[in-house]
Amino acid sequence: MSNKVIVLGSLNMDLSIAVDRMPKIGETLRGYDFLMNPGGKGGNQAVASAHAKAKTYMIASVGKDPFGITLKEGLRAENINIHYVRDSPASTGIAMIVRSDHDNRIILENGANYMLSCNHVEEALEQIGMQGDIFLTQLENNLSAIVCGLKVAKQKGMFTVFNPAPAITLPREIYKNVDLFVVNQSECELLCGINPIDEESLKLAFDSFKKLNCDVIITLGKQGSAASIRGIRYNLKAYTVDTVDTTGAGDTYAGVLCAMLAQNNPIEKALQYANAASALTVTRKGAQRSIPSHDEIEKFIQVQSI
């Protein structure tokens, strides 16, 4: 029997524009290829989970404005349960994304995302969280709600997955309630002081998380990803694809990973599918619109293995 994926996280409207190069101070450049796309790390991860065929719930907050309405309608259309997406007097969160040279730079306006309360999170988890469910969260909501969510989820016997992005220095108490960290290289460096750029530094980073009794997956961009799960090391090479837009690639990885774990797949398969889904995402523009379906992921893996 499959378990649920419950995502506590942000919902933003992404306003994205491409430019040939980043402007200098005081300079105005002409952009092109403007996109308005539902996003937010929480929303992206929930959509990725749903696309990978997991029963997915969203705990979040949006404004009572057109962006908030659009975001909720989009999640509902993806068969994501939005009963615990609350309406806030604050405006819906916004992400301003500038795309240049196959990469992106993002500026966030937190808005309603920071109005999510510990009481709302606790109430939601008490009603829908069950032992064996997967709880996934990030750092685009206020920290008190995230700390509360991890604590309650752990108490209820859920498997807790934490993607600490945008990265900040975390309170020590948070680590005891995290089963699995999913981090990129810069997030890893901020958390443990080690930038995993080679085999030696990777081992040091894994040892650092092991001392905290946490498993960890480190995404390494074009070098793929590496993981230390229950003392076992996993290495996955990156797929070679034509990169168009990296927005949402890490979120897709985390969401698909959790979906595969919720459906009782072995960790090796979960890592493989997450790796493939992330690779497919960067070949498309936008955040949620770029997230592949389960069938697309399977087909991609089959083609790559031939």
- Give a yes or no answer on whether the side chain of Ser16 reaches the backbone of Asp14 with a donor-acceptor pair at less than 3.5 Å. no
- Message: If the threshold is 4.0 Å, N to carboxylate O, is there a salt bridge linking Arg30 and Asp20?
- Response: no
Compile the donor-acceptor pairs under 3.5 Å between side chains in residues 150-158 and protein atoms, sequence neighbours left out, one pair per line.
{"residue": "Lys154", "atom": "NZ", "partner": "Asp179", "partner atom": "OD1", "Å": "2.4"}
{"residue": "Lys154", "atom": "NZ", "partner": "Asp179", "partner atom": "OD2", "Å": "3.4"}
{"residue": "Lys156", "atom": "NZ", "partner": "Gly129", "partner atom": "O", "Å": "3.4"}

- Item | Residue pairs passing the disulfide (SG to SG under 2.5 Å) test where at least one lies in residues 35-128, sequence neighbours excluded | Cys118-Cys148
- Message: Among residues at least two apart in sequence or on other chains, which ones pass ring pair (Phe, Tyr, Trp, His ring centres under 6.0 Å) with Phe135?
- Response: none
- Salt bridge or not for Glu123 and Arg86, using N-O below 4.0 Å? no
Please table the atom pairs, donor to acceptor, closer than 3.5 Å between any side-chain atom in residues 267-280 and protein atoms at least two apart or in another chain.
{"residue": "Tyr273", "atom": "OH", "partner": "Glu298", "partner atom": "OE2", "Å": "3.1"}
{"residue": "Asn275", "atom": "ND2", "partner": "Lys237", "partner atom": "O", "Å": "2.9"}
{"residue": "Ser278", "atom": "OG", "partner": "Ala249", "partner atom": "O", "Å": "3.3"}

- Message: I'd like to know if the side chain of Asn265 reaches the main chain of Leu261, judged simply by a donor and an acceptor atom lying under 3.5 Å from each other, with no hydrogens or angles considered.
- Response: no
- Task: Let me see the working for Val183 and Thr219 under side-chain contact (heavy atoms from CB on, under 4.5 Å), right down to the final yes or no.
- Result: CA-CA 6 Å; Val183 299; Thr219 57; over 6 Å; no
- Query: Is there side-chain contact between Lys4 and Thr56, with at least one heavy-atom pair below 4.5 Å?
  - Reply: no
- Query: Are the charged groups of Lys285 and Asp33 less than 4.0 angstrom apart, N to O?
  - Reply: yes
- Is Glu27 reaching over with its side chain to a backbone N or O of Lys24, donor-acceptor style, under 3.5 angstrom? yes
- Item | Asp65 and Ser91 side chains, donor-acceptor separation under 3.5 Å | no
- Is Phe162 linked to Phe206 within one hydrophobic cluster, defined over Ile, Leu, Val, Met, Phe, Trp and Tyr using a side-chain heavy-atom separation of less than 4.5 Å? yes
- Item | Ring-ring centroid check Phe209 Tyr175, cutoff 6.0 Å | no
- Return yes if some donor-acceptor pair links the side-chain N/O of Glu109 with the main-chain N/O of Gly93 below 3.5 Å, else return no. no
- Task: Decide whether Asp295 and Ser293 meet the rule of one side-chain donor and one side-chain acceptor closer than 3.5 Å.
- Result: no
- Look only at the side chain of Asn163 and the backbone of Gln138, and say whether a donor-acceptor pair between them is shorter than 3.5 Å. no
- Side chain proximity check, Thr283 to Thr243, heavy atoms < 4.5 angstrom: no
- Could you tell me whether the side chain of Asp215 and the main chain of Arg230 form a donor-acceptor pair under 3.5 Å? yes
- Task: Identify whether the distance between the nearest side-chain nitrogen and carboxylate oxygen of Asp87 and Lys64 falls below 4.0 Å.
- Result: no
- Message: So for atom CD, which belongs to Glu200, do other residues, nucleotides or ligands contribute more than 12 heavy atoms lying within a distance under 6.0 Å?
- Response: no
- Query: Taking the side chain from Asn110 and the backbone from Asn113, do they hold a donor-acceptor pair closer than 3.5 Å?
  - Reply: no
- Task: Side-chain contact test, heavy atoms from C-beta onward, threshold under 4.5 Å: evaluate it for Leu180 versus Ile229 and give yes or no.
- Result: yes
- Task: For residues Ile128 and Ile6, determine if any side-chain heavy atom of one lies less than 4.5 Å from a side-chain heavy atom of the other.
- Result: yes
- Task: Side-chain contact test, heavy atoms from C-beta onward, threshold under 4.5 Å: evaluate it for Arg172 versus Leu212 and give yes or no.
- Result: yes
- Query: How far apart are the C-alpha atoms of Val7 and Tyr57, what are their side-chain angles, what is the distance that settles it, and do they pass the side-chain contact (heavy atoms from CB on, under 4.5 Å) test?
  - Reply: CA-CA 6 Å; Val7 181; Tyr57 287 70; over 6 Å; no
- Task: Quick one: closest heavy-atom pair of Thr281 and Thr247, and the distance?
- Result: CG2-O, 3.9 Å
- Message: Could you check whether any side-chain N or O of Ser61 sits under 3.5 Å from a backbone N or O of Ala112, counting only pairs where one atom can act as donor and the other as acceptor?
- Response: yes
- Message: Could you go through Asp207 and Lys203, starting from their C-alpha distance and side-chain angles, then the distance that decides it, and tell me whether this counts as salt bridge (charged side-chain N to carboxylate O under 4.0 Å, His left out)?
- Response: CA-CA 6 Å; Asp207 288 344; Lys203 186 178 184 305; 3.3 Å; yes
- Do Cys258 and Val182 come within less than 4.5 Å of each other through their side chains, counting heavy atoms only? no
- Members sharing Met22's hydrophobic cluster, built from side-chain contacts under 4.5 Å between Ile, Leu, Val, Met, Phe, Trp and Tyr, are Val19, Leu29, Val98
- Message: Do Met58 and Tyr84 have side chains that approach each other closer than 4.5 Å (heavy atoms only, starting at C-beta)?
- Response: no
- Message: Which residues pass the ring pair (Phe, Tyr, Trp, His ring centres under 6.0 Å) test with Tyr114, not counting sequence neighbours?
- Response: none
- Task: Quick one: pull up CD in Glu187 and CG in Leu190 and give me the separation to the nearest 0.5 Å.
- Result: 9.0 Å
- Message: Check this for me: does any side-chain nitrogen of one of Glu78 and Lys53 sit under 4.0 Å from a carboxylate oxygen of the other?
- Response: no
- Is a donor on one side and an acceptor on the other found under 3.5 Å between the side chain of Thr137 and the backbone of Leu8? yes
